[in-house]
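Only heavy atoms go into these numbers, but all of them, side chains included; no hydrogens, no water, no symmetry mates. A, B, ... follow the sequence lines: proteins, then strands. Residue 1 opens every chain.
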Number of protein chains: 2
Amino acid sequence: MEILTIQDVSRRSGLSEPTLRYYEDIKLVGPIERDERSGHRRYRARDLDTIEALACLRAVGVGIEDMRTYLANRARGREAAAEQRDLLLRQAVRIEAELAAQHARLGYLREKASLWDARDRGDADAEAEAMRHVVAAVEKLGVLR
Amino acid sequence: MEILTIQDVSRRSGLSEPTLRYYEDIKLVGPIERDERSGHRRYRARDLDTIEALACLRAVGVGIEDMRTYLANRARGREAAAEQRDLLLRQAVRIEAELAAQHARLGYLREKASLWDARDRGDADAEAEAMRHVVAAVEKLGVLR
DNA sequence: GAACACACCTCAAGCGCTTGAGGTCAAACG
DNA sequence: CGTTTGACCTCAAGCGCTTGAGGTGTGTTC
């Protein structure tokens with residue numbers, strides 16, 4: 001029955017100390033026990049388990065409300081397994097879309113950079129060429145119109 | 001010399017109306033002319049040009065301060081071309097890193113989903129197997145320690 | 001025993017927007 | 001000619017944290 005400081009938990013979970021305090025404020029975790037004298041947070045191993053799971057979800061861009069749902073499903077166990085799976089699959093689909101978007105963004109940046117590179121070198125032909133590539137990349141970005 | 005409403009600009013740039021107002025508030029663009037009677041914003045073609053450029057930068061995750069730098073470089077023209085190119089390349093590198101991170105995230109979500117799927121089906125063997133995959137995926141996520 | 005470092009605490013403000021409430025103006029309808 | 005519709009306005013609060021200020025507690029050093 002080990003006791004962990006907020007620093008320990010921060011290091012092991014990858015969440016910052018303010019984030020850990022924040023998660024407690026909004027009752028996503030805890031309430032966490034406190035040291036009588038100092039008022040400092042004292043985490044238990046069970047708290048760490050939960051927090052590590054949340055850290056993974058956060059890393060994949062899951063929002064607070066979905067985290068609450070996740071914890072609730074987890075508490076219900078096998079009974080809510082199908083819902084849990086679907087929640088995770090929906091997130092996976094989201095990430096796939098973002099992945100495609102990132103590719104388009106990268107293309108745009110590279111083309112735009114080479115446009116300014118051509119300008120820097122004073123190469124008018126390369127500049128005109130790069131301009132066309134930028135226009136094409138912007139289309140893929142799907143942002144304008 | 002066409003006049004554009006905020007709605008026009010929103011549609012063409014892909015930025016929401018509140019975002020356009022916000023950008024004016026923080027003096028990233030404008031000040032934009034107003035209709036005498038109604039006080040509504042009236043955009044000119046030059047405004048739209050700037051805003052479209054900002055929309056692309058925003059789409060690729062460039063922050064407000066870097067946008068300011070970008071606009072300043074652009075105003076300086078060829079003279080600041082090298083700086084402009086470097087700013088864009090730095091962003092490209094950032095996106096590449098995020099791309100790799102997204103792959104890891106996607107892997108984690110897929111494995112975790114199949115873990116809960118196994119639980120849902122009550123397949124203990126598949127569950128144990130999926131658990132190992134999850135652990136491996138978490139490593140790649142690089143979040144816990 | 002005083003002074004320091006260090007980990008922790010709380011509280012408030014900032015980021016880059018989004019959402020919503022509440023109100024104004026202009027044209028169109030009955 | 002009153003009213004509805006629609007696009008616009010401003011202002012305030014919310015999101016999910018991060019950053020910073022200002023203060024307390026504990027353990028080590030001189």
Side-chain angles (χ1 to χ4, degrees), chain A residues 2-44 47-48 51 53-71 91 94 98 105 143, chain B residues 2-44 47-48 51 53-71 91 94 98 105 143:
Chain A
E2 33 183 358
I3 50 152
L4 301 161
T5 68
I6 194 169
Q7 184 174 216
D8 295 331
V9 175
S10 172
R11 266 207 288 265
R12 293 208 205 173
S13 69
L15 299 179
S16 73
E17 297 181 18
T19 298
L20 290 170
R21 296 190 189 103
Y22 175 68
Y23 281 2
E24 191 182 350
D25 276 1
I26 63 174
K27 296 168 204 299
L28 184 56
V29 302
I32 304 297
E33 289 170 48
R34 302 300 186 108
D35 181 284
E36 281 289 294
R37 319 214 141 245
S38 63
H40 293 186
R41 289 170 177 81
R42 298 300 172 214
Y43 293 83
R44 300 299 187 82
D47 300 323
L48 182 60
I51 289 167
L54 292 179
C56 292
L57 292 182
R58 192 183 94 131
V60 301
V62 173
I64 302 272
E65 284 318 305
D66 282 333
M67 288 185 190
R68 287 194 207 278
T69 306
Y70 176 88
L71 291 182
Q91 301 293 335
R94 213 201 61 229
E98 283 180 19
R105 287 164 189 158
V143 56
Chain B
E2 33 183 1
I3 51 155
L4 300 162
T5 67
I6 195 170
Q7 187 177 211
D8 295 331
V9 176
S10 172
R11 266 205 287 264
R12 294 209 206 169
S13 69
L15 298 179
S16 72
E17 298 182 17
T19 299
L20 289 170
R21 298 193 187 102
Y22 175 68
Y23 281 2
E24 192 181 348
D25 276 1
I26 63 173
K27 295 168 206 299
L28 184 56
V29 302
I32 304 298
E33 291 171 45
R34 301 300 184 110
D35 180 284
E36 279 291 291
R37 318 213 141 246
S38 65
H40 294 188
R41 289 170 177 82
R42 299 298 173 215
Y43 293 83
R44 300 297 189 82
D47 299 325
L48 182 59
I51 290 167
L54 292 180
C56 292
L57 292 182
R58 189 183 95 131
V60 300
V62 173
I64 301 272
E65 283 319 306
D66 282 333
M67 288 185 190
R68 287 193 207 278
T69 306
Y70 176 87
L71 291 183
Q91 300 293 334
R94 211 202 61 230
E98 284 180 20
R105 287 164 189 159
V143 53

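For the pair A:Y22 OH and C:dA12 P, the computed distance is 16 Å after rounding to whole Å. For A:E36 and D:dG25, the CD to C1' distance is 14 Å, given to the nearest whole Å. Between the C1' atom of C:dC15 and the CG atom of B:L28 lies a distance of 14 Å, rounded to the nearest Å. Atom pair A:I64:CD1 and D:dG14:P shows a separation of 16 Å (rounding to whole Å applied). Between the P atom of D:dC17 and the NZ atom of A:K27 lies a distance of 17 Å, rounded to the nearest Å. As rounded to whole Å, 12 Å separates atom P of D:dA12 from atom CG of B:D25. Summarising the geometry, the separation between CD1 on B:I26 and P on C:dC17 is reported as 7 Å, rounded to the nearest angstrom. Atom CG of A:L20 and atom P of D:dT18 are 10 Å apart (whole Å).
Residue A:Q91 holds its CD atom at 11.5 Å from OH of A:Y70, rounded to the nearest 0.5 Å. If you take CD1 on A:I26 and CD1 on A:I64, they are separated by 4.0 Å, rounding to the nearest 0.5 Å. If you take CG on B:D66 and CZ on B:R58, they are separated by 15.5 Å, rounding to the nearest 0.5 Å.
For A:Y23, no side-chain nitrogen or oxygen approaches OP1 or OP2 of D:dG16 to under 4.0 Å.
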**Request:** Between protein and nucleotides 4-11 of chain C, map the contacts as a letter string: B base, S sugar-phosphate only, - none, heavy atoms under 4.0 Å, written 5' to 3'.
**Result:** ---SSSB-
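Among the candidates B:I32, B:L4, B:V29, the single residue satisfying the side-chain contact (heavy atoms from CB on, under 4.5 Å) test with B:V9 is B:L4. Remark: of the listed residues B:R42, B:R44, B:H40, B:R44 is the sole one forming a side-chain hydrogen bond (donor to acceptor under 3.5 Å, both in side chains) with B:E33.
Taking the nucleotide of DNA chain C with the nearest heavy atom to each of B:D35 and B:R58, the more 5' of the two is matched to B:R58. A residue-by-residue look at A:R37 and A:T19 shows that A:T19 has its nearest nucleotide of DNA chain D further toward the 5' end.
One finds a salt bridge joining A:R68 and A:E65 here, because a Lys/Arg side-chain nitrogen approaches an Asp/Glu carboxylate oxygen to under 4.0 Å.
Using a 4.5 Å heavy-atom threshold, the side chains of A:D8 and A:L48 count as separate.
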